[in-house]
**Student:** 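Encoded as structure tokens, here's the structure I'll be asking about.
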Amino acid sequence: MQRKKHKRKLNHVVIVTSDAVDASVKQFRIRPWVLQMIILLLCIVIGVLIGVLIYEGQIWDAISRSNSEKQETILQLEDEKNVLIGEKTELENQIVALNDRIQILSDTVNEKVQNESELTAQLEKQSLPTEFPLNGSASMEEITEGDPMCVFTASVGVTVVATASGTVSAVNDDGEYGHSVWVDHGNGYITIYRNQGEVIVKQGDTVAQGTTIYMIGEENTKLGYQMLKDGNYISPMDMLSISG
């Protein structure tokens, strides 16, 4: 008969000692599978720690990259904000300059309108036959029978003048006074100057207020002066402004 072999049991001995003189030596017997489990657990713990460290490193890298991107975004937004502020300031300056130009243009237009209004009023005034038809003194007789007329007797050397600006519409012969000059003032008024002297203007001439029409001589001292308004004769005295 063969002798039955017994499997040998292996144990690991852990010796714990100290560097003290009187230190005792302690021995611990650990079975192989326990040691393997401890090593396995240590490997697992170390692996977990390494994984955690790697994961934390990745997290910190991601956080750092995110912070960098945020910082870059903030800087970019600040640059855009500064650009927008600069553009806003420039636009505000342009608006102020435009408002100044508009004010200047408005003042210019208002001044021009005022000047045009004053000029129009002056021209309208110059077109109204209100002035005296002679540039010197004269006696006057008002004829009210028939067509109203003022007859002036002036001294030699006095000139007959247009009482307002207008256009000479006609120069006719006159049976009693010799000649008649008709001036259309363009506003419904027509003035008629009757005298025996030489006519200085001709039909179609533009005359201003005070333009000479006749020269008074020894043989033509009388002037017949008439006025029409919208085709109807009116008394010249209604319009004449006589002083003195």
Side-chain angles (χ1 to χ4, degrees), residues 80-138 140 142 148-150 152 154 157-172 179-195 197 199-216 223-244:
E80 293 177 356
K81 176 184 176 182
N82 293 331
V83 171
L84 291 175
I85 291 174
E87 291 177 352
K88 177 185 176 183
T89 302
E90 184 178 356
L91 287 174
E92 289 176 347
N93 293 334
Q94 291 178 359
I95 290 172
V96 171
L98 287 174
N99 286 334
D100 291 340
R101 290 184 61 186
I102 290 171
Q103 185 63 43
I104 293 172
L105 289 174
S106 177
D107 293 341
T108 303
V109 170
N110 291 335
E111 183 178 357
K112 184 176 180 181
V113 169
Q114 183 177 358
N115 291 338
E116 288 180 351
S117 298
E118 292 176 355
L119 180 60
T120 301
Q122 185 177 359
L123 291 175
E124 289 178 353
K125 182 179 179 181
Q126 291 178 355
S127 297
L128 289 175
T130 57
E131 297 300 315
F132 197 60
L134 297 159
N135 70 348
S137 60
M140 184 191 71
E142 185 177 6
M149 179 187 295
C150 288
F152 297 94
V158 174
T159 58
V160 177
V161 296
T163 57
S165 59
T167 303
V168 178
S169 59
V171 176
N172 300 324
H179 306 285
S180 64
V181 176
W182 299 57
V183 178
D184 187 350
H185 302 286
N187 50 10
Y189 287 98
I190 295 176
T191 51
I192 306 169
Y193 309 82
R194 302 179 187 275
N195 187 266
V199 180
I200 299 177
V201 295
K202 62 182 182 298
Q203 184 176 355
D205 285 353
T206 299
V207 297
Q209 195 173 64
T211 298
T212 300
I213 299 176
Y214 299 99
M215 289 291 296
I216 299 296
L223 169 69
Y225 179 60
Q226 291 178 293
M227 188 179 298
L228 287 86
K229 170 62 175 172
D230 298 327
N232 299 314
Y233 282 94
I234 63 173
S235 174
M237 294 302 294
D238 294 339
M239 294 294 295
L240 278 178
S241 174
I242 300 176
S243 61

**Student:** On a heavy-atom basis, which atom in Thr163 and which in Gln209 lie closest, and how many Å separate them?
**Tutor:**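 The answer is O-NE2, 3.1 Å.
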**Student:** Quick one: does Thr130's side chain get under 4.5 Å of Tyr189's, heavy atoms only?
**Tutor:** no
**Student:** Between the side chain of Tyr214 and the main-chain N/O of Tyr193, is any donor-acceptor distance below 3.5 Å?
**Tutor:** yes
**Student:** When you compare the side chain of Asp100 with that of Val96, does any pair of heavy atoms fall below 4.5 Å?
**Tutor:** yes
**Student:** Could you go step by step and tell me if Val160 and Tyr225 meet the side-chain contact (heavy atoms from CB on, under 4.5 Å) rule?
**Tutor:** CA-CA 10 Å; Val160 177; Tyr225 179 60; over 6 Å; no
**Student:** How far does CG of Leu223 sit from CE of Met149, to the nearest 0.5 angstrom?
**Tutor:** 9.0 Å
**Student:** Atom CG of Asp238 and atom CE of Met227: how far apart are they, to the nearest 0.5 Å?
**Tutor:** 8.5 Å
**Student:** Does the side chain of Leu134 come within less than 4.5 Å of Val161's, by heavy atoms?
**Tutor:** no
**Student:** So, His185 side chain and Ile190 main chain: donor-acceptor pair closer than 3.5 Å or not?
**Tutor:**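 Here the side-chain-to-backbone pair does not exist.
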**Student:** Hey, does Ile213 have a side-chain heavy atom less than 4.5 Å from the side chain of Ile200?
**Tutor:** no
**Student:** Are the side chain of Asn135 and the backbone N or O of Thr159 linked by a donor-acceptor pair below 3.5 Å?
**Tutor:**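 Judged by distance alone, yes, a pair lies under 3.5 Å.
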**Student:** Could you walk me through whether Leu228 and Trp182 satisfy the side-chain contact (heavy atoms from CB on, under 4.5 Å) test, starting with their C-alpha distance in whole Å, then the side-chain angles of each, then the deciding distance to 0.1 Å, before giving a yes or no?
**Tutor:** CA-CA 10 Å; Leu228 287 86; Trp182 299 57; 4.2 Å; yes
**Student:** Would you indicate whether Lys125, at its atom NZ, is surrounded by more than 12 heavy atoms from other residues, nucleotides or ligands within a distance under 6.0 Å?
**Tutor:** no
**Student:** Do the side chains of Asn195 and Ile216 get nearer than 4.5 Å, heavy atoms only?
**Tutor:** yes
**Student:** Measure from the side-chain N and O atoms of Ser106 to the backbone N and O of Ile102, and report whether any donor-acceptor pair falls under 3.5 Å.
**Tutor:**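 Absent.
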**Student:** Classify the angle between the aromatic ring planes of Phe152 and Phe132 as parallel (below 30°), tilted (30 to 60°) or perpendicular (above 60°).
**Tutor:**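 Ring orientation, 0 to 90° scale: perpendicular.
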**Student:** Measure the spacing between NZ of Lys112 and OG of Ser117 and express it to the nearest 0.5 Å.
**Tutor:** 12.0 Å
**Student:** Would you check if there is a donor-acceptor pair between the side chains of Asn110 and Gln114 at a distance under 3.5 Å?
**Tutor:**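 No, because no side-chain N or O of Gln114 sits under 3.5 Å from a partner of the opposite role on Asn110.
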**Student:** Which pair of non-hydrogen atoms, one from Val158 and one from Ser137, has the smallest distance, and what is that distance?
**Tutor:**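 The answer is CG2-O, 4.5 Å.
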**Student:** Is the shortest heavy-atom distance from the side chain of Met239 to the side chain of Ile234 under 4.5 Å?
**Tutor:** yes
**Student:** Looking at Gln126 and Ala164, would you say the former's side chain and the latter's main chain have a donor-acceptor pair under 3.5 Å?
**Tutor:** no
**Student:** How far apart are the closest heavy atoms of Arg194 and Ser180, and which atoms are they?
**Tutor:**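 Where Arg194 meets Ser180 most closely, the heavy atoms are NH1-CB, 3.8 Å.
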**Student:** Checking the side chain of Glu142 only, and the main-chain atoms of Cys150 only, is there a donor and an acceptor separated by less than 3.5 Å?
**Tutor:**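 No: the side chain of Glu142 does not pair with the backbone of Cys150.
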**Student:** If you measure from CG on Asn115 to CG on Leu119, what distance do you get to the nearest 0.5 Å?
**Tutor:** 8.5 Å
**Student:** Taking side chain as C-beta onward, heavy atoms only, is Lys88 less than 4.5 Å from Glu92?
**Tutor:**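 Touching, per the 4.5 Å side-chain cut-off.
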**Student:** Would you say that Leu128 contacts Glu124 through its side chain, given a criterion of any heavy-atom pair below 4.5 Å between the two side chains?
**Tutor:** no
**Student:** Rounded to the nearest 0.5 Å, how far apart are CD of Gln226 and OG of Ser235?
**Tutor:**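 So the gap between those two atoms works out to 10.5 Å.
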